[in-house]
Every structure is written in C-alpha cells, then in structure tokens.
Amino acid sequence: MSLPDNSKKSSGKRDRSSDCGLERRVRLGTSRQPSSPSNKPENEQSIRMPAEVNVAPALGNTPSDVPEDSSFYLPSDPLEMSQQRAVMPLINISSSECASSYDIMRTPEHAPSLPSSFHGSPRTKILGRRIRLGISGWAVFIEKQATLVDKSTAIVDVMDSDSSDVVAGIYPRRMGKTTFLQTLADFLGIIRLMPRSDREEQFKRCALYDIHRDFFEKNFSKYPVITMDFKTHSPRSPEDVPCAIYEEIIRATRSYIRLLRVLKDGCGAKEYEDLHIDEDSVEFALLDIKSLIARFDYFESIQKIEICHLPRLYALIPELMEILHMIFGRKSVLIVDEYDAPFMNALHYVQDGNARMRIQTAYTELLSNCLKNNEYLHKGILAGVFDVRGVGLGSGLNNVEVYMAHSGIQGTHFNPHPFRNAFGFTARDVWGLINDYVDNQWPYRENLGRSDTDRFKRDLLVGCLENFDGYRIGDIYHIFNPYAILRFIYGLISVELPSNVVYSGHLFWVGTGSTRILEAIETTEINELRRFCSYLSLSFLQKNGYQRQAGIAADLMRSDHIDDAAIEVISSQMQSQSPFGDSAEASSTRAEIANICMSRVGDAFGDMHNMGSGPLKAGTIIRLLYQSGYIAPVTRDCVGIPNLEVLDALEKLYKQIAKRYDINPSFLDSTHEEMGVCYGNVSQFARSLNKCLMRASGLAEVTLERMYQNILIIHLYPATRNGYEVQSEVDMGNGRADVLLVPSSSSIRTESNPFYFYIFELKRYNGPTTRENATRMTADYRRDAAKVVYDLAGDAQTQIHTRYLQAGSDKARHCKYIFVIGIAFWANRFSMIVTRLRKDDNDDGSTSWSVEQYPGGINSDGPVDYSDIGDELDSTENDGVRERVVQGKLVFLTV
C-alpha cells in the first residue's frame, strides 16, 4: 500500500524556517505594525494591544469552521496549546478558569478588559532611594528613604470589600503583610507618629492619589485606627496571658489614651489643633473619658494582671472605640497583625490540652469583644499565616470572612480576594524594582550600554520568574516572594557584571523559618507523605522544565528588550504547567492533595490540635506546608511547589523525617527508576516516554519538532535531581545536538553507580495522526508508516555518529557509557534506535570508546529492512512498546 505524497521522510537537516509562521506570535519589544481597518462595529472590535507589542499576521492552521478574520482558534487540548506556545510567547489559557474563552486563541488583542487592579502603567511605582532590609513600617521606609513598592491602591480593595466588616488575609510569612497593614494604618489613621501633613505629602506621591482621588479625599486620615500585633505572643501557660494582653492593649491604644488625658485635663491640646476636635463633643464624652482613664490607671497601679482581670481588659478597646466615635464622629478601624500567632504557639509549646484551650479561648474572647457585634467598628482587618478557625477561633468569632491564597480563584469563593494586590510582589512590582535598581541604584550601571542594560533587566526578570515566582492570590497568577526578591536585588550591589549574577541556590525565604514541628509523623503515615511529596516534586520538575523550554521565561529570553506592555501580558497568563496529563493514580493524588490544602473539613483540618503533642498525619503536614508557603495554589483543584528554593527545603524536610524513622531519604527514587536514564536502563526509558506521549493527547502529524524536543526535555527534567543536567541545542562543532543528558559538574558517582551520557537527535514524520485514525487504519498502512518512522530514527542515529559523536566523547570523559539515541515521532507514536558505547582505559593512560553491542536479535551484515524486524506485538508487550535487537542496537517501536 502506498503512502500519501506528504509522507516523504524528512532530511537529516532540520528545516527551522518551517517551525515559524504557523501560529500568530507576540513579539516583545518591537514596534507596532500598522493595523488594517476593521469593518466590525465598534462594540465588537477586539481590545487593542498596547503600542509596544506587535502581533504578526496569522498563517494557516486554523480550522475551517473559524472565520477567516479570527486570528486563532483555542485548541481543545492543553498540549496543543503548549505546542502553539513553542512559537507564540505568553499565550496560555486555563481550561478550568477560562472555559468561556474557547472560541478563539487568547492573544493580547483578544484579551479581556483590564482588571480593576491594573492602574495605568504595568510598571509599579517605586518610592525611596535605596534598598534597605529589615524594615516593615511604612513611616520608617519614608523616614529612611528606603525602597518601597507602592501597594497603596490595594487599600481600595480592602476597604471596599463588602463581604464582611471583618476580613482576614491568610498568607505565608515574609510576604509583605506587615508592611501593607502599616501602610493602611498610616493612610487611614487620624493620629499616627508621622504628622498628618507629612503623611499627606508622601501619599500624594503614590498611585492611590493618582488613580482613586475621590477615595483618597474621603478616607485619608479620617479614622481612629487601632493596631495590634500578636507576633511575639507566645504564652506558655494561661497565667501568662493576662499580662501579654494588657501590654498589647497599652501599646495599641497609647496615642489615643494620651489624647484623652489631654482632653480630660484641658492642657497641652495645642499639638492636636489640626484634628479640629469639637469642644461640645469632648464635653459630651467627658464622663466616659474619665471613666476609661481611671480603668487604665487601675491596671497600671496593680502589681500583677491576673486571669480574673481578663473580662475588664476585653472591654477596654470597645469602650475606647465608643469614646472616639463621640469625639470624631467616626467608627474605628481595628488592625490585627499575626492574629494566629498565639493559637499556633500554644499548639507548638503547650503540651497540656486544657491549658492550651484556655490560652486559645482567652485570645478568642479578646478578638470577639473587639470585632463581633461592635457598633463602633468600621472595619476589622486581620492578617496571619495559618487558618486557625479549627483550633480556637470557632463560634466565638464567626463573623470573620477568611481569605486564603486560593480564595477568589474561580469556583472557590464568591467574592474577589480583597488582599490580592496587597501581599507579595506581582510581575509589575518586580519589573518596577528591577528598572529602578538598575537605572538608579546599581553602582556599575555606567559600564553597560543601552542594549546591554535592556538584556540585563530581561535576565533579572527571567531569573526572578524561575526562582522566586510560583505563588498566587485569587485571580493574580504570578506572585513573587518579596523577601527573596529584595534580598536578591540587594545582593547585586557587589556584582560588577551581569554575567556574574547567581540566580539559583539561594536560601533567602526558607532560611527565615523552621519546619522542625513537622518532622514528627505517625509511622503509619510515612508512605502517604512519601506519595504526596513524590507527586508534588515530579509535577513541579516537569512544570519547571516546561517553563524553561516553552513557558514565559523562554518567551522572554527570545527578546533582547522587554517593553512595559509585555509585563501586563505576563501578568494575565497562568503559571506554566507540564503538558503531560496525569495518570489515573497521579490524578487521584492531585485531587487528594488539593482537597487537603483547600478544604475546611476532614482529618487534616481537625488534626492540627495534635501539633506539638504527638505525631501528625501526612495530610496535616501537607496542610501546614500549604499554609506556610511550601505549597501554593495553581487552580481551584490543583496545588504545587512554587519554586526551586522551596523544593530544596521540602527535600530537606523529608530527609529529616527519613533519618528519624530510618527510611529511604529520597522520595524521587521511584521516579528515577521509572525513567530509567539515571541507571542506564534505556528499555525502561522507552516505556516511560511512551506513557508520557500517550497522556499527551493533542499531538498530531502537524506537531512541530520543537514541541517534541520540549516534551523530551520535560520528561528528562526530573533527572536533574539525581546528578544530571538537561541541555538543548548544544554546539557540537559540526552542528547542534537536539538534546543532551549529561552529568552535572558537581555530581559524584561511584564505580558501582556510574554516570551515563546521552545524545538525542529527533525527527518527525508528518503522516496522518494515529490518534484520529486508529480505528480505520489498516494493518498494511500502519506497517508502511512504521517503516518510514524506523528509517527516520536510523537517519537520526547516523547524524549523531557523523556530526556529534566526536565532541560528545570529549564531554563524556567522566562517564562509563555513551548512549546514542535517534528518535522519530509520528503524532504520539515513535521509533527509537539506541547504540551503546563503552569507555576503555588504554595502557598509555588515554581513553577510547567502542561500541558494546546488545546481545541476540538480528545480526546480519547487510542493511536490515523494517520487514525483517517483525510487526506483531508479543504477549508481553501490552504497554505498546516493541523492543528488538538489530545488529547490536536496541530498536523500540510504538507505531
């Protein structure tokens, strides 16, 4: 049976010109081309892309049922979308969250209207003159002229949130919660340390004044603001609680009690003239002022605050709010930072269950008196790390609307996340910081020309994306770790050249906390934890491999210059994900982990009571890791490890657990064994690759070779956690090898566990897709197609031997074997031919490489045709991979 005309096998030389032009491509940093006039009514025209981004014409590859003027169709398969991303940067739509957008491929021209969080320029305003570490208060930033990312517009989201009068933002540590709360207090507060006129001058430099002028005028310095901070509250017994609460109340109310004393005595009121306090209001509240001051004086006079004093302590702040309302005619705003600390510290340090409960009840009563049924409360704003509603904050404070990282993701919460622009750094924030630092603070900026400076900024942004991104808040896809970003940029002060910047291997954020409490796990739960960690690590490594090859970072590296408009495009994109679908087992594990992290029911939520007093369940550890920031939300039904720094910390935690219980310290061993390449098992590698291709539904005869290259790299990427590096397009002297898997320079292996060196060359056959035609393809047709794919794999092998092997043998001098692997793909099928070379140590001290043939099989001297191999599957080959030995080479076929 003859093949169609388009079935001719491709040549050994890759036609890279054919890899572009099939899809529309967003080019970053180029000038915009004139757009053709549209005949559409104005209300139907697409939203225009900012001028800095040019969208080239679309060519071909559009289904016949899509109008010609539609630039793109949205593929029904995530892998097909990933294929288009290989040539079209920054386009990625989540099927679970953007189902309504399946009519067209979402390019910036077709993007939805800008969200309310977009305030003009994609580059956030940066205040101050130099980066200083260890500062959290807004007023201190201003006083020291320290670099401050302008988060002022987030105040509107928090204050306008109409879901509840009391909101709580739950987010990991070192994410800028305290700085935002201090900014909020200094904006709203009638009385603050910085004079009102100075605060007004500084806030008028912020985006809030530019964008929300009416809100500014109505709310600036208009509210009595009381701020409490429970960060240091760690009572070891119930008897410690009254004193700690009293001291916190004194600190939080000091400025207002001082004002009341002045109003009571009638002297020293000159310093409060700018408050324009009405004398009649003071006269009306005078008896209450005297009564409240008397109670403060009483507590100051007694030698020790006892448990019996707690009810009267609880009443102090609500009564102060009532008096302030009489004086200013305004309800109060109460801000509580680290509100969860007393509850979590009690779990951690207090062993006695009854004592722990009494401590938690005391703090619940304090917050309840201030925040529940308080008619003089305008807004209660709490921030913390852990959701403690199940360990103390029960019915005593049930009017709090709690927003976790996943709140606001479509399908998880009715209301938008009010803190979505308040915590963490967005891509716009990071881009603003990078530009401000390189242009104004970096001491070696004069050494670079304009083009070099642009590339340096690009490299810094890509480095931040790869190492410090990975978090999410509601509908904000890219949240960077602020502490890590500031530490990283601050460290550039000693770097003279862009090439000397170290992007990875830092322990900025991880080094600020401890996971010791999580090391105690129930013995019966260890295998569960291993299963969870194995899935999270594998999915992250595949995602990270995709990010480097075809994700946003790869898109950015294709441009020497990044315009501000590109940052808005980045911000609208989902986090990069692996194009592979999960197996049934992995899919079940994914759903189980997501439910543990996001659900408020089940054992993991209730088991938090056991913290510090006994071993934990695996699910409880996962939930605590999620709230601590070691795991982050991806979609409404998926979570993952955010970045490499966190992956290193998670591996370290598991090793500590393994050491305690004398178990295997690596949770990726089973993954490495299944991959096969780490141990020289190419048969196992062929089968694992086949499984990935079978799950990657979306591959077709039009799939580009570059996409197959990306798939292979993503599949190999977990080997980077076992001493290997994955390299692509490597210069080998006579051309560029598609993919190399090589030992990393810092890895050490023994004679019994040696390193292996792999050279891959890829081809593709553009015949009809097996996936769409499998039911109607005849055996003869499939046999003819298999022959073509087999021949193409042989061509790939020949190309390696003639052009790349000499350079490869020089690079592989520390390895025991070189594997020369030619692969030809046809949709989601492939043929793979493997030659094995062994290193020989010669008598003169030199080394040489010789072919070590695989035993058995077909050993004829002449050329072996496909028909000699045999086309039938053995009964043992139910995974769809046929394995043969042909002239000492291993041949694999899935066609």
Handout entry: Electrostatic pair Lys457:Asp439 at N-O distance under 4.0 angstrom
Key =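 Judged by the 4.0 Å cut-off on N to carboxylate O distance, Lys457 and Asp439 do form a salt bridge.
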Roughly how far, to the nearest 0.5 Å, is the [atom2] atom of [Y] from the [atom1] atom of [X]?
| X | Y | atom1 | atom2 | result |
| --- | --- | --- | --- | --- |
| Cys370 | Met228 | SG | CE | 4.5 Å |
| Thr620 | Arg623 | OG1 | CZ | 9.0 Å |
| Arg130 | Tyr437 | CZ | OH | 9.5 Å |
| Tyr209 | Phe203 | OH | CZ | 14.0 Å |
| Asp387 | Phe343 | CG | CZ | 11.5 Å |
| Ile621 | Tyr654 | CD1 | OH | 10.5 Å |

Should [X] and [Y] count as side-chain neighbours, where that means a heavy-atom distance under 4.5 Å?
| X | Y | result |
| --- | --- | --- |
| Asp648 | Arg721 | yes |
| Lys543 | Ile641 | no |
| Asp186 | Ile142 | no |
| Leu668 | Leu541 | yes |
| Gln573 | Tyr477 | no |
| Leu624 | Met344 | yes |
| Asp469 | Ile552 | no |
| Thr227 | Arg192 | yes |

Can you name the nearest heavy-atom pair linking [X] to [Y], along with the distance?
| X | Y | answer |
| --- | --- | --- |
| Met598 | Arg636 | SD-O, 3.4 Å |
| Ser537 | Phe667 | OG-CE1, 2.7 Å |
| Ile409 | Gly474 | CG1-O, 3.4 Å |
| Tyr363 | Ala244 | OH-CB, 3.8 Å |
| Thr183 | Trp138 | OG1-CD1, 3.4 Å |
| Gly629 | Pro642 | O-CG, 3.7 Å |

Checking the side chain of [X] only, and the main-chain atoms of [Y] only, is there a donor and an acceptor separated by less than 3.5 Å?
| X | Y | answer |
| --- | --- | --- |
| Asp429 | Thr426 | yes |
| Glu248 | Asp229 | yes |
| Lys659 | Pro665 | no |
| Asp340 | Phe386 | yes |
| Asp563 | Ala566 | no |
| Asn544 | Phe540 | no |
| Arg472 | Val634 | yes |

Would you say the rings of [Y] and [X] are close, in the sense that their centroids are separated by under 6.0 Å?
| X | Y | result |
| --- | --- | --- |
| Phe216 | Phe187 | yes |
| Phe480 | Tyr471 | no |
| Tyr171 | Phe419 | no |

Practice task
Start with the C-alpha gap between Asp160 and Phe215, add the side-chain angles, then the distance that decides, and say whether side chain to side chain contact (heavy atoms under 4.5 Å, CB included) holds.
Solution key: CA-CA 10 Å; Asp160 281 358; Phe215 178 90; 3.9 Å; yes
Result of checking [options] against [X] for side chain to side chain donor-acceptor pair (under 3.5 Å):
| X | options | result |
| --- | --- | --- |
| Tyr717 | Arg548, Gln549, Gln547 | Arg548 |
| Gln202 | Arg205, Lys204, Arg199 | Arg205 |
| Thr147 | Gln441, Arg129, Arg132 | Gln441 |

Exercise for the section: Decide yes or no on side chain to side chain contact (heavy atoms under 4.5 Å, CB included) for Tyr339 and Ile170, but give the supporting numbers first. Expected result: CA-CA 10 Å; Tyr339 84 100; Ile170 305 297; 3.3 Å; yes
Practice task
Let me see the working for Val646 and Asn643 under side chain to side chain contact (heavy atoms under 4.5 Å, CB included), right down to the final yes or no.
Solution key: CA-CA 6 Å; Val646 176; Asn643 52 53; 3.3 Å; yes
Practice task
Say whether Asn467 and Glu645, considering side chains only, have a donor N or O and an acceptor N or O under 3.5 Å apart.
Solution key: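 Per modelled atom types, Asn467 and Glu645 side chains form no pair under 3.5 Å.
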All N/O donor-acceptor pairs, side-chain side in residues 489-507, below 3.5 Å, sequence neighbours left out:
residue : atom : partner : partner atom : Å
Ser494  : OG   : Gly491  : O            : 3.3
His506  : NE2  : Val502  : O            : 2.7

Practice task
Go through the steps for Val400 and Leu367 under the test side chain to side chain contact (heavy atoms under 4.5 Å, CB included), then give the verdict.
Solution key: CA-CA 10 Å; Val400 179; Leu367 293 175; over 6 Å; no
Problem - Pi-cation contact, Trp509 with Arg487 (under 6.0 Å, within 45°) - result: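 Not satisfied by the 6.0 Å and 45° rule.
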